[in-house]
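Report on the structure given below.
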Amino acid sequence: MVHVRFSPSPTGFLHVGGARTALYNWLFARHHGGIFSLRIEDTDRQRSSEEFTKDIMAGLQWLGLDWDKGPIFQSQRLETYNRYVEMLLSSGKAYYSEEEGKKAVRFKMSDDTLEFKDLIRGTITFDASLIEDFVLRKADGFPTYNFACVVDDAEMKITHVIRGDDHIANTPKQLALYKALELEAPKFAHLPMILGEDGARLSKRHGATAVKEYMELGYLPDALVNFIALLGWAPGDDRELVSREEMIKDFTLERVGSTSARFNKTKLDWMNSQYIRQTPSEELVRLLKPFLSRAGVNVEGVEESWLKRLVELYKERFKTLQDFFLQTSFFFTEEIEYQPEVVDKHLKSEEITGLLHEVHDALSGLEEFKKETLEGCLRGVVERKHVGFGKLAQPLRVAITGRTVSAGLFETMELLGKERTLKRLSHCLHTFCRAGSI
RNA sequence: GGCCCCUUCGUCUAGCCCGGUCUAGGACAUCAGAUUUUCGAUCUGAGAACAUGGGUUCAAAUCCCAUAGGGGUCACCA
């Protein structure tokens with residue numbers, strides 16, 4: 001039975017690199033019908049914190065990476081590690097060493113050649129004599145990473161260790177420990193790193209690195225999962241949008257590449273927009289509400305069916321949940337702001353004033369404020385004025401939305417409603433257009 | 001610096017293990033055209049890569065070696 005684990009240390013928020021490691025472990029376990037465990041490596045008492053543990057678990061849950069066992073906390077397993085320390089001490093494979101008044105236990109490193117077959121890179125060989133005796137138990141009584149990792153992987157009967165390739169250099173030490181403890185080593189697969197857009201190691205200066213940040217920016221978990229899955233793995237054919245089920249079915253370590261990948265936000269944005277389109281509108285409404293609230297919208301006061309229609313109007317236009325409000329804010333307020341440059345360019349001319357006047361009058365007389373009737377009405381206006389519809393569209397858009405970019409005019413007006421549309425129109429005529437008073 | 005890993009379009013990658021089907025495929029991005037009430041979306045099309053140098057072979061992106069470049073790691077951190 002395959003048994004893998006994700007074993008983060010709670011010294012920081014769950015970041016995309018860790019998320020991908022977790023994802024690959026999870027996919028591997030699900031593909032083989034095995035076990036996926038979560039182990040918290042909190043042996044650094046200074047840097048570990050419960051806040052990070054919570055963040056990591058919340059992040060995994062949000063991504064839909066459910067674990068079968070755990071979380072197991074290393075900080076609660078000191079007796080176990082001590083038992084193994086005693087074994088090594090009594091067999092002479094470990095010894096006490098004191099430096100600067102701190103008494104630790106060190107492992108007596110062998111001096112042979114250590115070799116293992118990495119499932120992703122093939123055989124990797126190390127000269128053990130180049131590795132110095134390393135600490136097993138720190139002066140504070142806690143085990144070090146390499147030691148706790150080996151003890152736990154052995155006790156948990158982990159079959160495959162899938163982790164970042166920054167752990168390659170740790171592997172010979174762990175191999176030596178397995179040998180000294182007469183335990184069978186698991187198989188190893190070292191994943192290449194995820195780099196920032198510029199090819200440097202991913203860090204805060206690259207923008208969002210924490211999973212939580214992507215959640216707050218309005219990325220859908222499925223989209224993020226799909227995107228990071230493809231950073232190092234490919235299904236083998238030309239598919240880009242791969243569902244979880246397909247990933248589980250097709251995921252193998254053989255198909256994981258060995259070269260580091262750069263994080264590409266533009267492609268993530270594209271992928272997120274694809275997932276947004278796939279998501280039912282009712283679901284989007286539900287997901288969007290927290291974002292609207294945070295933006296200051298009184299969500300309780302917004303009619304559900306109206307919001308759903310707005311979502312449908314913008315469904316192919318917003319790339320993230322946060323982006324939705326950025327594009328539709330003028331629907332949620334009474335007053336809107338007009339940028340002077342935009343007003344100057346689109347509203348300040350005799351001809352436009354006349355046109356908008358005409359539009360205001362025509363719209364006032366409408367019984368029904370639906371997109372079909374609106375279209376008929378507006379096209380009638382430009383026809384009577386002998387101008388192209390393009391002449392009217394932009395100024396009118398600016399007048400009722402305050403922007404030069406929006407969804408279709410008729411749909412926009414319908415959703416905005418007669419009252420607000422006319423109010424904004426007359427406000428513009430009064431304020432910006434020289435000739436105008438209604 | 002020692003040790004280890006990596007190197008296909010700008011980016012993510014397919015192909016590499018099992019040399020010929022590769023005039024190297026796809027996606028994002030870019031550019032052009034179409035459409036159009038703006039932007040976007042959409043459709044069509046274009047440009048764009050086997051790091052370099054040696055081998056091996058009838059034949060190399062695919063195998064071998066060297067060089068260069070990038071990354072990782074050298075803690076009583078994980």
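This structure is a prediction, so every number in the text was calculated from the model and none was measured. First the proteins, then the strands, lettered A, B, ... as listed; each starts at 1.
For A:R47, the listed nucleotide lying nearest its side chain is B:A78; candidates were B:C3, B:A14, B:A78. Side-chain atoms of A:T266 lie closest to B:A29 of the nucleotides B:C76, B:A29, B:U73. When the nucleotides B:A78, B:U7, B:A27 are ranked by their closest atom to the side chain of A:T259, B:U7 comes out on top. Closest approach to the A:K267 side chain among B:U13, B:A27, B:C3 is made by B:A27 (side chain taken as heavy atoms from C-beta onward). Closest to the A:R201 side chain, of the nucleotides B:C77, B:C76, B:G72, is B:G72. Distances were taken from every side-chain heavy atom of A:I168 (C-beta onward) to each of B:C76, B:U38, B:C4; the shortest belongs to B:C4. Considering only the side chain of A:V135, B:C76 comes nearest among B:C4, B:C76, B:G72. Comparing B:U11, B:A14, B:U37 by their closest approach to the side chain of A:Q394 singles out B:U37. Each of B:C77, B:C3, B:C5 was ranked by its minimum atom distance to the side chain of A:I124; first place goes to B:C5. Distances were taken from every side-chain heavy atom of A:D238 (C-beta onward) to each of B:G72, B:G26, B:C76; the shortest belongs to B:G26.
OP1 or OP2 of B:C76 sits under 4.0 Å from a side-chain N or O of A:R106. The phosphate of B:A78 has OP1 or OP2 within less than 4.0 Å of a side-chain N or O from A:T43. Under 4.0 angstrom from either OP1 or OP2 of B:A78 there lies at least one side-chain N or O belonging to A:K138. For A:S258 and B:C5, the shortest distance from a side-chain N or O to OP1 or OP2 is not below 4.0 Å.
At a cut-off of 3.5 Å, with distance as the only test, a side-chain donor of A:Q394 or A:R397 sits close to an acceptor on the other residue. Judged purely by distance below 3.5 Å, without hydrogens or angles, the side chains of A:D42 and A:S75 pair a donor atom with an acceptor atom.
Nucleotide B:C74: paired with B:G1 (Watson-Crick or G-U wobble, both distances less than 3.5 Å). B:C22 makes up no base pair with any nucleotide shown, lacking Watson-Crick or G-U wobble contacts both under 3.5 Å. Judged by Watson-Crick or G-U wobble contacts below 3.5 Å, the nucleotide B:C63 has B:G55 as its partner. Pair assignment for B:G69: B:C6, on the basis of Watson-Crick or G-U wobble contacts that are both within less than 3.5 Å. Remark: B:C43 base-pairs with B:G33. Criterion, Watson-Crick or G-U wobble with two distances under 3.5 Å.
In summary, A:D140 and A:K102 do not engage in a salt bridge, as defined by a charged side-chain N under 4.0 Å from a carboxylate O. Here A:K265 does not pair with A:E197 in a salt bridge; the nearest charged N to carboxylate O distance is not below 4.0 Å. The residues A:E375 and A:K371 are annotated as not salt-bridged, no charged nitrogen and carboxylate oxygen being separated by less than 4.0 angstrom.
Looking only at distances, no side-chain donor or acceptor of A:D55 sits under 3.5 Å from a matching main-chain atom of A:F13.
The distance from atom CD1 of A:I120 to atom P of B:G72 is 18 Å, rounded to the nearest whole Å. The distance between atom CD1 of A:I228 and atom P of B:U13, rounded to the nearest whole Å, is 13 Å. As a whole-Å value, the separation of A:L195 CG from B:G69 C1' is 14 Å. Atom CD of A:Q327 and atom C1' of B:A41 are 11 Å apart (whole Å). Atom CG in A:L14 sits about 19 Å away from atom P in B:A78, given to the nearest Å. If you measure from atom CH2 of A:W233 to atom P of B:G26, you get 20 Å, rounded to the nearest angstrom. Atom CD1 of A:I56 and atom P of B:A78 are 14 Å apart (whole Å). When the P atom of B:C17 is taken as reference, atom CZ of A:R255 falls 14 Å away, rounded to whole Å.
Using a 4.0 Å heavy-atom criterion, one finds that A:A104 contacts the bases of the nucleic acid, with or without backbone contacts as well. Within 4.0 Å of A:R163, counting heavy atoms only, lies no atom of the nucleic acid at all. Using a 4.0 Å heavy-atom cutoff across all strands shown, A:E99 reaches at least one base atom of the nucleic acid. Within 4.0 Å of A:L230, counting heavy atoms only, lie sugar-phosphate atoms of the nucleic acid but no base atom. Across all strands shown, A:G236 has heavy atoms under 4.0 Å from sugar-phosphate atoms exclusively, and none from any base. Looking at heavy-atom distances under 4.0 Å, A:R121 makes contact with sugar-phosphate atoms alone, never a base. A:T125 comes within contact range of the sugar-phosphate backbone alone, with a heavy-atom separation under 4.0 Å but no base atom that close. In this structure, A:G164 reaches neither bases nor backbone, as no heavy-atom distance under 4.0 Å exists between it and the strands shown. Looking at heavy-atom distances under 4.0 Å, A:A234 makes contact with sugar-phosphate atoms alone, never a base. Using a 4.0 Å heavy-atom criterion, one finds that A:A407 contacts the bases of the nucleic acid, with or without backbone contacts as well. Using a 4.0 Å heavy-atom criterion, one finds that A:E41 contacts the sugar-phosphate atoms exclusively. Among the atoms of the strands shown, only primed sugar atoms or phosphate atoms (P, OP1, OP2) are found under 4.0 Å from some heavy atom of A:T144. Base engagement by A:S406 is indicated by at least one non-hydrogen atom pair under 4.0 Å involving a base atom.
Spacing between B:A60 and B:U52 at atom C1', rounded to whole Å, works out to 16 Å. Comparing the same atom, C1', in B:C63 and in B:G70 gives a spacing of 24 Å after rounding to whole Å. With P as the reference atom, B:G69 and B:G53 are 16 Å apart, rounded to whole Å. Across B:G25 and B:C9, the matching P atoms stand 13 Å from one another, rounded to whole Å. As rounded to the nearest Å, B:C3 and B:U30 have P atoms that lie 45 Å from one another. With C1' as the reference atom, B:U7 and B:C43 are 37 Å apart, rounded to whole Å. The separation of B:C65 from B:C6, taken at their P atoms, amounts to 12 Å, rounded to a whole angstrom. Distance check on atom C1': B:U8 versus B:A48 gives 12 Å, rounded to whole Å.
Mapping A:F410 and A:S9 onto RNA chain B by nearest heavy atom places A:F410 closer to the 5' end of the strand. Along RNA chain B, the nucleotide nearest to A:R262 and the one nearest to A:D127 differ in position, and the one closer to the 5' end is contacted by A:D127.
Both tests do not hold together for A:K173 against A:F107: distance to the six-membered ring centre under 6.0 Å, angle to the ring axis within 45°. Taking the ring centre of A:Y24 as origin, the terminal cationic atom of A:R20 falls inside the region bounded by 6.0 Å and 45° from the ring axis. Remark: A:R106 is not positioned above the aromatic ring of A:F134, lacking an NZ or CZ atom under 6.0 angstrom from the ring centre and at most 45 degrees off the axis.
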Would A:R163 and A:H190 count as a side-chain hydrogen bond (donor to acceptor under 3.5 Å, both in side chains) if you check the C-alpha gap in whole Å, the side-chain angles of each, and the deciding distance to 0.1 Å? CA-CA 5 Å; A:R163 72 218 316 191; A:H190 288 97; 3.2 Å; yes
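Looking at A:N170, its side chain comes within 3.5 Å of the base of B:A78 through a donor and an acceptor atom.
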